[in-house]
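Okay, structure first, notes after.
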Amino acid sequence: MSAVIENHHDDHDHGPAKGITRWLYTTNHKDIGTLYLWFSFAMFLIGGAMAMIIRAELFQPGMQIVEPEFYNQMITLHGLIMIFGGVMPAFVGLANWLVPMMIGAPDMALPRMNNLSFWILPFAFFILLSSLFMEGGAPNFGWTFYAPLSTTYAPPSVTFFIFSVHIMGASSIMGAINVVVTIMNMRAPGVTLMKMPLFVWSWLITAYLLIAVMPVLAGAVTMMLMDIHFGTSFFNAAGGGDPVLFQHIFWFFGHPEVYIMILPAFGIVSHIIETFSRKQLFGYSSMVWAMLSIAILSFVVWAHHMFTVGLPLAAEIFFMWATMLIAVPTGVKVFNWVATMFRGSLTFETPMLFAVAFVVLFTIGGLSGLMLAIVPADFQYHDTYFVVAHFHYVLVPGAIFSIMAAVYYWIPKWSGNMYDERLGKLHFWLSFIGVNVTFFPQHFIGLAGMPRRYPDYALIFADWNMVSSIGAFLFGFSQLLFLFIVIKTVMGGKKATDQVWEGAKGLEWTVASPAPYHTFSTPPKVD
Amino acid sequence: MKKEAKKTLIKLVVAVPLMFAFGFALVPLYDVFCEVTGINGKVFQSEYSEELVTDDGRTIAIQFISTNNENMPWTFKPSEQVMKIETGKYHGVTFYVKNTTDKKMTAQAVPSVAPSNAAAHLKKLECFCFEQQELMPGEEALLPVKLLVSNELPSNIKNIILSYTIFDITDYDDEVLAHNQMAME
Ligand code: HEM
Ligand SMILES: [Cu+2]
């Protein structure tokens with residue numbers, strides 16, 4: 001149990017070690033948060049480059065740039081990298097930086113496990129990406145890796161894919177355990193559960209979801225491994241198995257997973273809207289209850305991804321209503337954000353712009369989700385670009401905008417420097433326009449019947465696809481501006497005050513900017 | 001590390017293998033669920049039952065579909081495409097197979113019933129899908145099914161489709177197959 005022994009720092013003003021070893025051996029929550037955030041940024045750019053290839057191929061009908069086989073590999077890797085490499089590590093990085101500071105703890109509860117959970121991630125993605133150079137190419141069965149595509153018909157690299165999913169899962173589980181132990185046991189005296197900042201609440205719930213479903217994902221890929229190499233027939237009909245079973249197991253993980261990618265965003269946006277409205281957040285406890293009910297409901301809606309596999313009528317109806325029920329707590333949250341802004345003294349600095357865009361665009365994604373939840377409608381929409389539009393609206397201007405908002409909001413605290421507001425706003429507007437030009441037309445081509453996951457399409461879809469590709473290039477290249485802004489801020493700039501934002505509340509704003517290497521070595525007083 | 005923290009940690013660490021096991025437990029749970037509800041079109045072998053036999057059944061149509069799984073070269077087709085049958089009576093039907101290759105091969109047929117809420121009312125006394133078929137090169141056979149559709153079939157169902165997909169399992173590991181076969185029945 002050596003990994004769980006807490007680090008004791010008798011010498012309070014000692015700083016980080018020098019050079020590369022600082023990052024390799026660090027157990028400091030701020031360092032590890034930084035590592036996670038940079039790692040996720042790198043993955044975001046790699047996954048983004050793949051999206052550019054996809055959109056370039058779809059710019060015109062016909063096959064222009066890549067082979068269909070390679071297109072399938074791009075689709076698969078883009079999804080896996082954005083989800084497991086982009087969004088999830090970014091949220092873990094934010095949790096590392098913020099959770100201890102928000103609850104007045106000196107560090108995460110398990111600092112060495114923290115180091116381990118980060119450092120295995122680069123290996124997982126190295127393995128996944130190296131499959132591009134293997135015989136038969138990278139995984140080509142979509143991020144949902146349905147059997148038997150991913151078993152009987154998979155390229156040999158599937159074994160490496162399985163291994164890398166195992167590593168990613170182990171990393172997520174360790175990260176989640178760390179968050180729960182920290183939040184449950186290291187809050188400063190006076191920080192009761194119902195006084196915790198909402199970002200902390202959102203991560204507590206997310207961490208429980210992770211601990212519940214990542215092992216199920218590990219189980220699913222283990223069964224695949226056994227089917228492929230050890231002659232079992234979990235998913236093979238000839239041997240008495242059932243491919244539909246795969247989808248049940250996968251989505252039992254998969255639907256909670258989508259909430260894993262959005263709950264921390266809910267937390268972030270609540271903080272930012274509160275700050276820039278200069279008011280108290282409307283309905284704190286209903287926010288907590290809404291997140292809890294969303295998390296619980298997320299376990300009983302998985303089959304809405306499988307409406308067309310031939311479920312019995314009773315199951316279709318059950319999963320339809322259960323799915324629609326999720327819209328209720330989600331609606332409560334949207335209402336509370338709007339009510340917080342109502343009659344506030346609003347200002348629109350970059351974080352607020354991203355947060356407001358989040359509220360509007362995430363709601364659009366929620367509404368298309370509701371349309372998909374209607375069984376007879378889903379029979380038409382399933383596996384079309386309408387689904388692609390839906391989940392990109394909840395993930396890009398949802399999860400990813402919230403991450404960008406968080407970076408702009410907290411980077412003055414992390415680096416001690418203000419970012420360039422003019423460039424930040426430019427980045428926001430380019431991203432906002434880019435995202436909508438990319439994904440809004442996908443609703444139309446989806447409703448008109450364009451199927452997803454094909455490198456070519458019928459001529460009638462040509463115009464909107466070209467619009468969508470232009471939007472995608474705009475969005476994609478604007479992110480290089482984001483990279484520039486972040487680097488520029490880290491290198492220097494106007495010094496940030498300790499509170500940074502006029503309306504900011506919370507323990508993290510009481511420490512100096514940049515936040516010292518060790519904060520709250522003695523617990524703060526909270527009343 | 002504080003004692004309470006250790007407690008939380010231990011609980012969470014125990015939860016992980018439990019959830020991993022739960023993932024595997026979904027496999028038998030799924031089969032049991034399908035068997036109890038009869039959904040998924042899975043039909044299991046049943047015993048001869050006097051109670052199900054009646055004279056006041058109604059006439060329904062039963063349609064037979066045969067599909068070859070990819071790479072399965074055998075000829076496989078029902079002797080009759082559609083049959084009119086009486087509910088509450090045992091009927092016999094046959095499927096024709098021929099091994100069209102010059103190798104000895106083993107096959108396994110996997111059944112499915114549509115609409116799915118008819119599956120629970122379709123009782124099979126005998127079915128070639130309960131065992132494997134081994135045919136010599138060029139050998140042919142008539143494979144029997146003996147079935148009864150119970151009188152309790154919902155009255156809105158006037159048509160049942162019984163479909164079989166035939167798989168080539170020549171290269172499968174016998175022991176593993178036997179085990180799966182047991183799990184299936
Ligand atoms: C009101 C809330 C929501 C509802 C009612 C909803 C409903 C649905 C439904 C019914 C589908 C299946 C569509 C089909 O395949 O035919 C779907 C797909 C999807 N949803 Fe949502 N959803 C909601 C929120 C979210 C959120 C918050 C996220 C993620 C942050 C998300 C991510 C996804 C993804 C990734 C898929 C597609 C998975 C795939 O097939 O690749 N959804 N949603
Ligand atoms: Cu879902």
Side-chain angles (χ1 to χ4, degrees), chain A residues 1 3-6 109-110 113 148 152-153 169-170 173-174 176-186 207-208 210-223 226 230-242 244-245 248-250 252-253 309-315, chain B residues 1-13 15-27 29-31 33-34 37-42 69-70 72 107-110 112 114-117 119 132 165-169 171-177 179-185:
Chain A
M1 288 298 266
V4 302
I5 293 167
E6 230 186 291
L110 310 158
M113 190 167 87
T152 318
Y153 304 104
I173 291 169
M174 286 194 277
I177 289 179
N178 214 339
V179 168
V180 175
V181 180
T182 308
I183 297 176
M184 297 311 277
N185 299 289
M186 295 181 63
Y208 275 115
L210 279 166
I211 294 166
V213 300
M214 290 312 281
V216 176
L217 174 70
V221 292
T222 308
M223 290 177 212
M226 290 164 73
F230 306 120
T232 58
S233 293
F234 284 103
F235 308 129
N236 185 346
D242 192 334
V244 174
L245 172 66
H248 281 289
I249 299 175
F250 179 82
F252 184 85
F253 147 81
V309 299
L311 298 177
L313 189 61
Chain B
M1 151 170 268
K2 281 189 300 184
K3 219 162 147 201
E4 302 86 80
K6 206 163 222 163
K7 259 197 212 144
T8 322
L9 176 66
I10 290 170
K11 274 189 217 147
L12 297 173
V13 169
V16 173
L18 285 181
M19 284 312 294
F20 185 74
F22 175 76
F24 280 82
L26 284 173
V27 180
L29 281 175
Y30 175 79
D31 282 341
F33 191 78
C34 288
T37 56
I39 57 178
N40 199 19
K42 281 197 178 170
N69 186 241
E70 185 184 55
M72 179 54 168
Q108 168 75 54
V110 175
S112 175
S116 57
N117 54 340
Q132 302 168 7
T165 305
I166 196 162
F167 291 82
D168 172 11
I169 55 166
D171 296 332
Y172 279 50
D173 188 331
D174 285 342
E175 232 166 86
V176 176
L177 269 183
H179 176 81
N180 291 336
Q181 199 69 34
M182 262 159 54
M184 198 160 81
E185 273 155 30

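Naming: A, B, ... by sequence-line order, numbering from 1 per chain.
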Not counting sequence neighbours, which residues clear side chain to side chain contact (heavy atoms under 4.5 Å, CB included) with A/Y153? List them please. A/P148, A/L149, B/E70
Quick check against the 3.5 Å criterion: does B/D168 have a side-chain atom that pairs as donor or acceptor with the backbone of B/M72? no
Under 4.5 Å from any heavy atom of chain B, what part of A/N236 do you find: side chain, backbone, both or neither? side chain
For A/F252, enumerate each residue passing the ring-ring contact (aromatic ring centres under 6.0 Å, His included) test, keeping only those at least two apart in sequence or located in another chain. A/F299, A/W302, B/F22
Note: vs chain B, highest number of non-hydrogen pairs under 4.5 angstrom among A/M174, A/M184, A/M223, A/M214 is A/M223
Given heavy-atom pairs under 4.5 angstrom as the criterion, report whether the side chain, backbone, both or neither of A/A220 touches chain B. neither
Please report the shortest heavy-atom distance between B/L26 and A/L245, naming the atom on each side. O-CD1, 4.1 Å
